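On a predicted model such as this, the values are computed, not experimentally measured, just so you know. Within every chain, numbering begins at 1; the chains are lettered A, B, ... in the order of the sequence lines, protein sequences first and strands thereafter.
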Number of protein chains: 4
Amino acid sequence: MDPNRFAYTFSVRLHDTDAAGRLFFGHLFRHAHDAYEAFMAQAGLPLERLIREGELLLPLVHAEADYHRPLCQGDRVQISLAIEEIRTRSFAVGYRFETQDGTLAATAKTVHLQINRDGSPASCLSDGILDAIHPYTQNRPQ
Amino acid sequence: MDPNRFAYTFSVRLHDTDAAGRLFFGHLFRHAHDAYEAFMAQAGLPLERLIREGELLLPLVHAEADYHRPLCQGDRVQISLAIEEIRTRSFAVGYRFETQDGTLAATAKTVHLQINRDGSPASCLSDGILDAIHPYTQNRPQ
Amino acid sequence: MDPNRFAYTFSVRLHDTDAAGRLFFGHLFRHAHDAYEAFMAQAGLPLERLIREGELLLPLVHAEADYHRPLCQGDRVQISLAIEEIRTRSFAVGYRFETQDGTLAATAKTVHLQINRDGSPASCLSDGILDAIHPYTQNRPQ
Amino acid sequence: MDPNRFAYTFSVRLHDTDAAGRLFFGHLFRHAHDAYEAFMAQAGLPLERLIREGELLLPLVHAEADYHRPLCQGDRVQISLAIEEIRTRSFAVGYRFETQDGTLAATAKTVHLQINRDGSPASCLSDGILDAIHPYTQNRPQ
């Protein structure tokens with residue numbers, strides 16, 4: 001795996017599946033966000049602290065996913081996460097979901113916007129955020 | 001239905017089911033709590049106001065359910081809710097889950113404890129709570 | 001509302017929210033799919049029958065959402081659903097989430113691909129699907 | 001930890017919490033079942049195989065939990081699982097939820113009934129089940 005991606009592993013559990021026998025599509029986003037939380041904690045910005053302190057707010061403004069292969073109960077899945085884009089006041093996180101045999105089962109993306117305490121968009125991403133996410137940015141200049 | 005029960009209806013959705021083709025047991029509690037929220041709103045104590053104001057805190061300290069018949073996607077279910085027990089500083093809510101043909105599919109119970117802002121148990125249930133739940137108490141003296 | 005949109009209403013419940021006090025983004029997709037299930041049932045193609053019979057399979061191959069305003073516990077939300085695009089073997093469903101005062105809180109889209117029993121893409125959408133979704137297609141020729 | 005208990009660890013994630021800032025009670029059961037799935041896989045009876053083969057069906061007929069301390073986002077929780085009771089055609093699984101400092105945050109119990117393919121209760125638990133769960137039975141005769 002690309003060294004500037006972050007890895008997170010989970011098992012597809014019974015409650016992830018539905019009567020059609022596969023992962024219910026909406027639950028993919030739950031797992032993507034679990035990986036994002038683990039990533040932010042490792043990057044030094046655990047979400048629980050951000051929420052508790054209320055200084056640095058990063059609500060999600062966009063989410064999307066593409067489903068390539070069904071995921072079934074018992075599947076062991078690796079999410080690899082990278083920062084796909086950094087804009088003035090937002091950044092995009094990309095996720096690849098691969099099963100143990102290396103098959104790409106799904107991809108996802110979430111976009112996070114920095115806002116002020118009053119809910120208005122921040123003028124720009126804070127240095128704390130930029131420092132945290134920069135090492136995981138894809139195709140960054142060396 | 002007993003006139004001092006509160007009725008709440010929902011449909012079993014695809015995400016409620018799992019690969020075994022039936023409602024995942026844990027999701028029954030989500031639906032029970034939906035009925036409780038609707039009940040509390042009608043009783044004049046909407047949970048969102050209690051949480052926002054922070055004066056009257058009623059964390060759940062016990063939950064249980066018995067599963068009699070599988071519930072499947074598309075099933076239309078009526079929950080009937082009643083206050084089963086009032087103690088000094090807590091009360092128990094009972095739920096019956098019936099499908100359209102009147103079959104009892106499950107029962108559940110949740111116990112709610114009134115606590116103070118600092119997390120310690122309240123000395124007794126507040127009058128506001130007692131007034132709200134009294135009309136829905138089973139077998140109450142007439 | 002545009003007459004060829006399908007309406008579905010829900011309340012934001014406690015379990016929909018997270019510690020940041022707003023709807024957890026992933027749960028928006030659960031509600032979108034609830035609306036889709038209600039829509040398909042009304043259109044004569046209830047998902048539980050499709051899954052049980054296994055003849056007509058419509059897995060979701062793409063999902064996306066944009067979040068404009070936070071949704072909070074107790075918010076009453078109307079989803080209005082329309083068919084946004086019909087392709088050879090797939091169709092896209094669009095969702096608008098509006099609160100009671102008419103504010104657009106979010107939009108979402110899901111894409112459904114018709115596949116054969118062996119998992120390969122169908123050569124084209126079946127007549128049953130086309131008949132069901134055609135009345136809800138946006139900007140369709142009159 | 002008692003050597004005949006099974007350990008399973010998870011982190012409380014944002015989607016586990018609600019606007020009151022703590023784990024939504026119903027989600028405790030999801031985590032309990034995750035531990036049960038991991039346990040059954042290690043015991044040689046992975047649920048996905050049981051569901052796929054359809055020979056050995058163990059629907060959950062009862063669930064309960066007691067909540068002692070709030071669990072919050074970021075909490076690292078260890079579930080320790082043991083078989084609490086074996087009856088003729090059912091068995092009970094007990095779960096203890098402890099945070100990193102050893103505080104008991106919650107306990108839970110689930111009861112699983114062996115049924116036949118037609119849904120009727122089995123005459124007795126199969127040898128395969130008994131062999132799998134016996135090593136994890138509390139207070140078993142040595």
Side-chain angles (χ1 to χ4, degrees), chain B residues 15-37 40 46-72 90 92-93 95 105-113 115 117-121, chain D residues 15-37 40 46-72 90 92-93 95 105-113 115 117-121:
Chain B
H15 59 76
D16 285 316
T17 62
D18 61 31
R22 31 173 84 187
L23 180 100
F24 179 75
F25 83 104
H27 296 330
L28 194 85
F29 293 100
R30 180 161 50 75
H31 293 293
H33 202 268
D34 285 357
Y36 170 69
E37 286 182 54
M40 290 292 276
L47 291 197
E48 58 269 27
R49 205 182 70 209
L50 302 189
I51 291 170
R52 193 174 56 238
E53 297 179 351
E55 288 296 340
L56 188 53
L57 299 164
L58 291 168
L60 217 144
V61 291
H62 177 78
E64 63 179 76
D66 288 285
Y67 304 85
H68 303 295
R69 304 272 167 161
L71 287 169
C72 298
S90 69
V93 185
Y95 310 83
T107 57
K109 184 164 93 166
T110 55
V111 180
H112 304 258
L113 173 71
I115 60 171
R117 271 179 182 277
D118 66 1
S120 61
Chain D
H15 58 76
D16 284 315
T17 63
D18 61 31
R22 32 173 83 186
L23 179 99
F24 179 75
F25 82 105
H27 296 331
L28 193 86
F29 293 100
R30 180 161 52 74
H31 293 293
H33 202 269
D34 286 357
Y36 170 69
E37 285 181 54
M40 290 291 277
L47 291 197
E48 59 268 27
R49 203 182 74 207
L50 302 190
I51 291 171
R52 193 175 57 237
E53 296 178 351
E55 287 296 339
L56 189 52
L57 300 164
L58 291 168
L60 215 143
V61 292
H62 178 78
E64 63 179 77
D66 288 286
Y67 304 85
H68 303 296
R69 303 272 168 161
L71 288 169
C72 298
S90 69
V93 185
Y95 311 83
T107 57
K109 183 163 94 166
T110 56
V111 179
H112 304 257
L113 173 72
I115 60 171
R117 271 179 182 276
D118 66 359
S120 61

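- At a 4.5 Å heavy-atom cutoff, the contact between D:Arg22 and chain B is made by side-chain atoms alone.
- Looking only at heavy-atom pairs under 4.5 Å with chain B, the residue among D:Lys109, D:His68, D:Glu64 that has the most is D:Glu64.
- Of all the listed residues (D:Val111, D:Val61, D:Asp66), the one sharing the greatest number of non-hydrogen pairs under 4.5 Å with chain B is D:Val61.
- Using a 4.5 Å cut-off between heavy atoms, B:Thr110 touches chain D through its side chain atoms alone.
- Proximity of a side-chain donor or acceptor of B:His62 to a complementary backbone N or O of D:Ala65 within less than 3.5 Å is detected.
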- request: Give the intermediate values and the outcome of ring-ring contact (aromatic ring centres under 6.0 Å, His included) for residues B:His33 and D:Phe24.
  value: CA-CA 10 Å; B:His33 202 268; D:Phe24 179 75; 5.1 Å; yes

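- Proximity to chain D is limited to the side chain of B:Ile51, based on heavy atoms less than 4.5 angstrom apart.
- When each of D:Ala20, D:Gly26, D:Ala63, D:Pro59 is checked for heavy-atom pairs under 4.5 Å with chain B, D:Ala63 comes out on top.
- The CZ atom of B:Phe25 sits 6.5 Å away from atom CZ of D:Phe29, with the distance rounded to the nearest 0.5 Å.
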